[in-house]
Engineer: 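Sending over a structure as structure tokens; questions will come in a sec.
All ligand and atom numbering here is 1-based and tracks the order in the structure. Atoms considered below: every heavy atom in the structure, side chains included; atoms not considered: hydrogens, waters and symmetry mates.
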Amino acid sequence: MSYAVLRGLGTHLPPRRVTNAELATLFDTSDEWITTRTGIKERRWVRPGQSTGDLATEAGRRALKSAGLDDGAEIGLLIVATTTPDHPCPGTAPDVAARLGLANAAAYDIAAVCSGFVYALEAVANAIEAGRVERGLVIGAETYSTILSPNDRTTSVIFGDGAGAVVLGRGAPDEPGRLLGFDLGSDGTGRDLITIPAGGSRQRSSGVAASDDDHYFTMQGKKVFAQAVHRMSESSLALLGRVGWTTDQVGHLVGHQANLRILKAVAEQLGLEPHRSVTNLDKVGNTSAASIPLALADAATAGELRTGERLLLTAFGGGLTWGSAALTWPDITPA
Ligand code: COA
């Protein structure tokens, strides 16, 4: 039997900081509204010409470094979770693999929106546990600034760009960093709550030309808010039951950084004190598939995570999709 263990964590944020004050010069909004409604103070946006694959490659390189590996390391499987791929075709992952010198690695993208990182983590952990690969790389990377409508002040203040990556390897059952279980789910009846209407076969085959607005990200905020709290709470509880942990045994909850009020509501539903819920969205906003590795890196760098402590990751996103993961925290330094 093989066990999947987290061995490295790397992140990359584009340097351009976009504060709430700057957004208030572009939209009819204010620092006060954004802060009280979302908890976000600033986010990062890519410079013109910079893509999701660029961010993913740098985060992947840093994750390899954190695991004591270099470009060209033996990686059997690379998955890039993203809502904002470099192109509709081909996938972003093969290009990232090539740029990291990961010769012949299986490489593909996962489109599970904000749940993508947890979905990809499960797939790579499974491949290791089944003995198919020795080592894998999971990258969550996004450039939402490229799909935000200049006419939509609500989505434009929430989302940010960034990338986070982890290296998983084969390890011992009692080793810190072990992935112990997952809970994944979806409900496609909520497909219209989060969507980019144009660019896919449904719009193209309709014979109706897409408007500029149809290429932008849309979200029904209030309904998404309620679903996010419900699904992340239920999924977390289902997973706790499956791995046999009580809430008291969880060191930290690392939830998808959607909105501070969502994170507070989920912690409350689980009976966790607020200080055990990791938050970093004040600095980066909602970075979708990159959100969980960015939050993990932030908490680890701040010294909040102890080696061996039990972590519960939980995410929710468009689809609708949701997913949770249980692991213990390894003895690693994020790069
Ligand atoms: N600045 C100022 N006012 C804004 C605004 C902005 N950026 N965006 C919306 N508003 C206004 C609305 O127009 C509305 O005005 P009205 O009452 O005059 O009609 C008012 O604020 C309240 O809007 P509402 O949509 O009811 O706000 P809300 O409390 O639901 O908060 C979200 C909006 C988007 C922050 C919230 O719904 C949310 O966080 N949803 C989930 C988002 C998310 O996490 N998505 C990803 C999940 S993976």
Side-chain angles (χ1 to χ4, degrees), residues 18-43 81-84 110-120 140-142 144-145 147-162 164 184-188 190-196 216-236 254-267 269 277 279-282 284-295 313-324:
V18 180
T19 61
N20 291 349
E22 181 176 344
L23 289 181
T25 66
L26 304 172
F27 299 95
D28 178 15
T29 190
S30 64
D31 176 46
E32 200 263 332
W33 192 94
I34 303 168
T35 306
T36 53
R37 294 304 219 179
T38 71
I40 299 164
K41 298 297 282 182
E42 62 180 45
R43 71 289 291 142
T82 187
T83 320
T84 49
I110 279 186
V113 197
C114 302
S115 310
F117 180 80
V118 177
Y119 267 59
E142 301 283 13
Y144 264 65
S145 63
I147 55 167
L148 295 174
S149 166
N151 303 317
D152 185 349
R153 63 177 174 175
T154 308
T155 53
S156 291
V157 303
I158 293 176
F159 293 92
D161 302 341
L184 303 182
S186 76
D187 175 9
R191 68 184 81 81
D192 293 332
L193 297 187
I194 292 174
T195 183
I196 299 173
Y216 290 121
F217 178 90
T218 68
M219 178 177 73
Q220 296 180 37
K222 265 201 189 321
K223 287 183 182 161
V224 168
F225 190 108
Q227 280 288 323
V229 174
H230 168 59
R231 297 302 188 179
M232 286 198 278
S233 305
E234 293 283 299
S235 173
S236 295
V254 187
H256 166 49
Q257 305 288 303
N259 178 316
L260 190 58
R261 293 184 298 140
I262 291 176
L263 288 169
K264 279 186 177 157
V266 173
Q269 297 264 326
S277 172
T279 58
N280 75 331
L281 84 174
D282 53 324
V284 293
N286 180 340
T287 56
S288 191
S291 141
I292 285 186
L294 286 173
L313 318 183
T314 190
F316 169 83
L320 303 171
T321 57
W322 56 89
S324 303

Engineer: Any N or O of Arg153 that comes nearer than 3.5 Å to an N or O of ligand 1?
Structural biologist: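 Yes; at least one N/O pair falls below 3.5 Å.
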
Engineer: For atom 48 (S) of ligand 1, find the nearest protein heavy atom and state the residue, atom name and distance (0.1 Å precision).
Structural biologist: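 Of every protein heavy atom, Phe316 O, 3.1 Å lies nearest to atom 48 (S) of ligand 1.
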
Engineer: Any side-chain donor-acceptor pair under 3.5 Å between Lys41 and Thr35?
Structural biologist: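 Present: a donor and an acceptor within the cut-off.
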
Engineer: Of all the non-hydrogen atoms in the protein, which one sits nearest to atom 31 (O) of ligand 1, and at what distance?
Structural biologist: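 Ranking protein heavy atoms by distance from atom 31 (O) of ligand 1, first comes Arg261 NH2, 3.6 Å.
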
Engineer: Indicate whether atom 19 (O) of ligand 1 is within a distance of less than 4.0 angstrom of some protein heavy atom.
Structural biologist: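 False for atom 19 (O) of ligand 1.
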
Engineer: To which protein heavy atom is atom 47 (C) of ligand 1 closest, and what is the distance rounded to 0.1 Å?
Structural biologist: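 Protein heavy atom with the smallest distance to atom 47 (C) of ligand 1: Val224 CG1, 3.6 Å.
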
Engineer: For the atom pair OG1 (Thr154) and CZ (Arg37), what is the distance rounded to the nearest 0.5 Å?
Structural biologist: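 Between Thr154 OG1 and Arg37 CZ, I get 10.5 Å after rounding to 0.5 Å.
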
Engineer: Which residue owns the protein heavy atom closest to atom 22 (C) of ligand 1, what's the atom, and how far is it?
Structural biologist: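 So the nearest neighbour among protein heavy atoms is Arg37 NH2, 3.9 Å.
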
Engineer: Looking only at protein heavy atoms, identify the closest one to atom 26 (O) of ligand 1 and say how far it is in Å.
Structural biologist: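 Its nearest protein heavy-atom neighbour is Lys222 NZ, 2.8 Å.
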
Engineer: At less than 4.0 angstrom from any non-hydrogen atom of Met219, what atoms of ligand 1 do you find?
Structural biologist: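 Every atom of ligand 1 under 4.0 Å from some heavy atom of Met219: 42 (C), 43 (C), 45 (N), 46 (C).
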
Engineer: Rounded to the nearest 0.5 Å, how far apart are OG1 of Thr38 and CG of Asp282?
Structural biologist: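 One finds 9.5 Å between OG1 of Thr38 and CG of Asp282.
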
Engineer: Is it true that Asp152 and Ser156 share a donor-acceptor pair across their side chains at a distance under 3.5 Å?
Structural biologist: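 Checked: Ser156/Asp152 side chains show no N/O donor-acceptor pair below 3.5 Å.
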
Engineer: How many angstroms lie between atom CG of Asn286 and atom SG of Cys114, to the nearest 0.5 angstrom?
Structural biologist: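 SG of Cys114 is found 5.0 Å from CG of Asn286.
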
Engineer: What's the separation between atom OG1 in Thr83 and atom CD1 in Ile196, rounded to the nearest 0.5 Å?
Structural biologist: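 Answer rounded to 0.5 Å: 7.5 Å.
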
Engineer: Which of these, His256, Glu142, Gln257, sits in a side chain to side chain donor-acceptor pair (under 3.5 Å) with Ser291?
Structural biologist: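 Going through His256, Glu142, Gln257 one by one, the side chain to side chain donor-acceptor pair (under 3.5 Å) with Ser291 is satisfied by His256 alone.
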
Engineer: Would a search of protein heavy atoms around atom 16 (P) of ligand 1 find one under 4.0 Å away?
Structural biologist: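 So atom 16 (P) of ligand 1 lacks protein heavy-atom neighbours under 4.0 Å.
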
Engineer: Using 4.0 Å as the upper bound for N to carboxylate O, is an ion pair formed by Arg43 and Asp161?
Structural biologist: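 No salt bridge links Asp161 with Arg43.
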
Engineer: Under 4.0 Å from a heavy atom of Thr154: give me the atoms of ligand 1 that qualify, with their elements.
Structural biologist: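 By the 4.0 Å cutoff, the relevant atoms are 8 (N), 9 (C), 34 (C).
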
Engineer: Short check: is a protein heavy atom less than 4.0 Å from atom 5 (C) of ligand 1?
Structural biologist: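 For atom 5 (C) of ligand 1 the answer is yes, since some protein heavy atom falls inside 4.0 Å.
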
Engineer: Report, in ascending order of atom number, the atoms of ligand 1 lying under 4.0 Å from any heavy atom of Thr29.
Structural biologist: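 Listed by number with element, the hits are 1 (N), 2 (C), 6 (C), 7 (N).
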
Engineer: Where does the angle between the aromatic ring planes of Trp322 and Phe316 fall among parallel (under 30°), tilted (30 to 60°) and perpendicular (over 60°)?
Structural biologist: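 The rings of Trp322 and Phe316 lie parallel, inter-plane angle below 30°.
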
Engineer: Which heavy atom of Arg261 sits nearest a heavy atom of Thr36, and at what distance?
Structural biologist: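 Between these two residues, the closest heavy atoms are CD-O, 3.9 Å.
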
Engineer: If you have a sec, work out which protein heavy atom is nearest atom 33 (C) of ligand 1 and how many Å separate them, to one decimal?
Structural biologist: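 Here the nearest protein heavy atom works out to Trp33 CH2, 4.1 Å.
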
Engineer: Would Tyr216 and Leu148 count as a side chain to side chain contact (heavy atoms under 4.5 Å, CB included) here? Give the steps.
Structural biologist: CA-CA 6 Å; Tyr216 290 121; Leu148 295 174; 5.8 Å; no

Engineer: Look at atom 13 (O) of ligand 1 and say whether a protein heavy atom is found at less than 4.0 angstrom from it.
Structural biologist: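 Yes, because at least one protein heavy atom sits under 4.0 Å from atom 13 (O) of ligand 1.
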
Engineer: For ligand 1, which atoms sit closer than 4.0 Å to a heavy atom of Ala258?
Structural biologist: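 In order of number, 44 (O).
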
Engineer: So, for atom 45 (N) of ligand 1, does the protein have a heavy atom nearer than 4.0 Å?
Structural biologist: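 Looking at atom 45 (N) of ligand 1, one finds that a protein heavy atom does lie closer than 4.0 Å.
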
Engineer: By number and element, which atoms of ligand 1 are closer than 4.0 Å to a non-hydrogen atom of Gly221?
Structural biologist: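 Answer for ligand 1: 37 (O), 40 (N), 41 (C).
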
Engineer: Would you mind telling me if ligand 1 is within reach of the side chain of Ile34, the backbone, both or neither, using heavy atoms under 4.0 Å?
Structural biologist: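 None of Ile34 does.
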
Engineer: Is the shortest N/O to N/O distance between Thr38 and ligand 1 below 3.5 Å?
Structural biologist: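 In fact, backbone or side chain, Thr38 has no N or O that close.
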
Engineer: Out of all atoms in ligand 1, which are within 4.0 Å of some heavy atom of His256? Include the element for each.
Structural biologist: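 What qualifies from ligand 1 is 48 (S).
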
Engineer: Identify, by atom number and element, the atoms of ligand 1 in contact range of Cys114, meaning under 4.0 Å from any of its heavy atoms.
Structural biologist: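 The list of qualifying atoms is 48 (S).
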
Engineer: Using a strict 4.0 Å cut-off to heavy atoms of Gly317, name the atoms of ligand 1 that fall inside it.
Structural biologist: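 Under 4.0 Å from Gly317, ligand 1 has these atoms: 48 (S).
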
Engineer: Donor-acceptor pair, distance only, cut-off 3.5 Å: does the side chain of Thr287 make one with the backbone of Gly160?
Structural biologist: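 No; zero donor-acceptor contacts below 3.5 Å.
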
Engineer: Do Tyr144 and Ser288 have a side chain donor and acceptor closer than 3.5 Å?
Structural biologist: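 Tyr144 vs Ser288: donor-acceptor pair found between side chains.
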
Engineer: Where's the contact between Asn286 and ligand 1, heavy-atom distance under 4.0 Å: side chain, backbone, both or neither?
Structural biologist: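 Under 4.0 Å from ligand 1, Asn286 contributes side-chain atoms alone.
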
